[in-house]
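Residue numbers start from 1 in every chain, and the chains themselves are labelled A, B, ... in the order their sequence lines are given, proteins ahead of strands.
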2 protein chains.
Amino acid sequence: MSGALRYDKYAHEPFAVTVDLAVLTLRAGALHVLLVERGQEPYAGRWALPGGFLLPDESAESAARRELAEETGLADVSGLRLDQLRTYSEPGRDPRMRVVSVAFTALLPDAPEAHGGGDAARARWVPYDDARELAFDHDRILADARTRIGDRLENTPAATAFCPPEFTLGELQQVYEAVWGTPLDRPNFRRKVLAVPGFVAPVPGGARLTGGRGKPAALYRAGPAATLHPPLLRPQREGRTT
Amino acid sequence: MSGALRYDKYAHEPFAVTVDLAVLTLRAGALHVLLVERGQEPYAGRWALPGGFLLPDESAESAARRELAEETGLADVSGLRLDQLRTYSEPGRDPRMRVVSVAFTALLPDAPEAHGGGDAARARWVPYDDARELAFDHDRILADARTRIGDRLENTPAATAFCPPEFTLGELQQVYEAVWGTPLDRPNFRRKVLAVPGFVAPVPGGARLTGGRGKPAALYRAGPAATLHPPLLRPQREGRTT
DNA sequence: CCCTTTTATAGTCGGGCTGACCATAAAAGG
DNA sequence: CCTTTTATGGTCAGCCCGACTATAAAAGGG
């Protein structure tokens with residue numbers, strides 16, 4: 001380590017600060033996560049969440065947005081919503097030195113194929129269940145991200161972030177089913193979604209025809225609500241003591 | 001700033017990492033927060049949330065627990081639950097240098113008077129509404145903490161953390177009313193609390209007599225549940241577009 | 001000592017939401 | 001033309017909820 005920082009009357013060791021991103025999308029009805037292949041030690045050749053170091057004059061949110069653009073080549077990063085997940089600071093989570101990492105979640109509609117860029121040797125969308133044995137403590141970060149997203153689906157319109165600008169209620173239901181891992185009753189789901197003011201709004205005149213196999217579904221857009229009242233609670237989670 | 005850290009092929013500026021604590025309690029039916037008076041610049045003489053720097057070999061959670069013990073002299077810090085709130089990393093939040101701060105919340109039963117220690121010139125319990133114009137961005141952290149705690153009261157037994165080991169349902173209701181800022185109907189509150197499995201359990205044989213003004217209330221202890229099913233939702237929050 | 005006040009607790013009742021269904025509509029495919 | 005598939009509409013009983021009334025058991029005051 002290089003010199004200690006002088007601050008008040010203490011001498012403080014410096015820390016490296018990074019961001020990690022759990023970027024989730026839905027492909028073919030299954031939850032996928034964006035991973036990059038590490039090019040160097042430690043964990044060379046292992047898959048990891050995209051991320052990187054904070055620059056001297058940017059916030060963690062800015063760094064997360066920059067890294068996302070650099071490592072994935074996504075175009076519309078500016079309009080994308082990033083949510084802080086939590087911060088991981090255990091000593092030893094990076095074998096080389098003290099690294100404190102601020103983790104974020106981001107949700108995308110069905111994704112353009114990612115092309116690795118920046119530090120990442122390669123970038124790929126991986127089915128959530130196949131994303132195991134990641135570098136560092138990224139297994140845990142990813143699990144925390146899924147838990148958090150599942151909770152947010154109950155109280156916020158976050159599910160619409162997985163959908164294109166115009167979507168059917170069937171697509172929205174697929175989001176809930178994929179994230180919660182539970183099948184839902186279609187008529188009841190529709191009734192509850194439409195009962196929440198500001199969750200979704202029908203697009204003025206349209207229905208979707210050519211693609212569908214059955215009766216064409218009505219199209220909706222995300223509504224103005226920031227929170228869902230009443231919430232869309234998951235089916236019976238029993239009271240876990242854990 | 002002193003030397004930059006060498007990491008991978010980049011040279012990274014070092015950051016100072018701190019923890020800040022929003023420690024809340026209930027006194028006389030009102031929400032109070034633990035504040036310390038700053039002894040030095042910047043913000044000398046201003047009130048601030050307790051906190052401090054991470055040591056080289058401790059996690060943010062460990063640092064938060066240590067700082068809480070040092071600055072308040074509380075005895076039972078080991079059994080106390082700390083929850084990560086979020087991390088604040090905007091450049092300029094500390095006028096001297098880059099400081100990234102991980103904020104925590106902690107909930108206490110009616111509190112032993114805090115005696116300042118460690119860095120803090122003085123430590124005091126301050127009514128939540130009087131805690132304004134704090135140092136740094138602590139106004140915002142404190143507001144975020146209250147929002148978070150309010151949400152947690154809906155889905156977790158967090159409210160019991162404000163109560164002594166044995167408490168009445170009236171005391172528990174005061175917690176909800178103080179945090180949410182809303183009066184609740186007593187019979188309905190009782191019915192809902194008792195309907196949640198594992199939220200509270202009656203203490204084997206007791207009722208509380210001497211202190212009370214009216215009919216003595218039954219005593220309860222916190223139950224084993226980690227989440228509340230069904231949740232105790234706040235009264236009609238309208239769907240805010242914000 | 002009685003009566004009022006205060007707090008705890010029990011119960012009631014109608015409306016609304018929920019889950020489990022059943023029914024119908026509108027397309028594609030053979 | 002008939003089957004399959006998906007979307008959408010409707011029903012119905014049960015539960016939860018908010019609002020409210022009633023009763024019980026203590027303290028306090030005249």
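If you measure from atom CG of A:Leu172 to atom P of D:dA7, you get 12 Å, rounded to the nearest angstrom. Rounded to an integer number of Å, the gap from A:Phe189 CZ to D:dA7 P is 11 Å. Note: CG (A:Leu184) to P (D:dA7) measures 14 Å, nearest angstrom. Distance CD (A:Gln173) to C1' (D:dA7): 11 Å, rounded to an integer number of Å.
For the ring pair (Phe, Tyr, Trp, His ring centres under 6.0 Å) test, no residue two or more places apart in sequence or in another chain qualifies with B:Trp47. Applying the salt bridge (charged side-chain N to carboxylate O under 4.0 Å, His left out) rule to A:Glu90 yields no partners; only residues at least two apart in sequence or on another chain are considered. For A:Glu61, the salt bridge (charged side-chain N to carboxylate O under 4.0 Å, His left out) partners are B:Arg86, not counting sequence neighbours.
With A:Tyr128 as the aromatic partner, A:Arg146 meets the cation-pi criteria of under 6.0 angstrom to the ring centre and within 45 degrees of the ring axis.
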Enumerate donor-acceptor pairs with a distance under 3.5 Å from any side-chain N or O in residues 189-198 of chain A to protein atoms, sequence neighbours excluded.
from     : atom 1 : to       : atom 2 : distance (Å)
A:Arg191 : NH2    : A:Asn188 : OD1    : 2.7

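Distance check, rounded to the nearest 0.5 Å: OG1 of A:Thr182 to CD of A:Glu177 gives 8.5 Å.
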Contact state string [nucleotides 8-18 of chain D, B base, S sugar-phosphate only, - no protein heavy atom under 4.0 Å]: BBBB-----BB
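Where DNA chain C pairs in unbroken runs of 3 or more (Watson-Crick or G-U, both distances under 3.5 Å), the stems are C:1-30 with D:1-30.
Looking at B:Arg27, its side chain never comes within 3.5 Å of a backbone N or O of B:Asp110 through a donor-acceptor pair.
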Could you walk me through whether B:Ser101 and B:Asp20 satisfy the side-chain hydrogen bond (donor to acceptor under 3.5 Å, both in side chains) test, starting with their C-alpha distance in whole Å, then the side-chain angles of each, then the deciding distance to 0.1 Å, before giving a yes or no? CA-CA 7 Å; B:Ser101 188; B:Asp20 287 308; 2.5 Å; yes
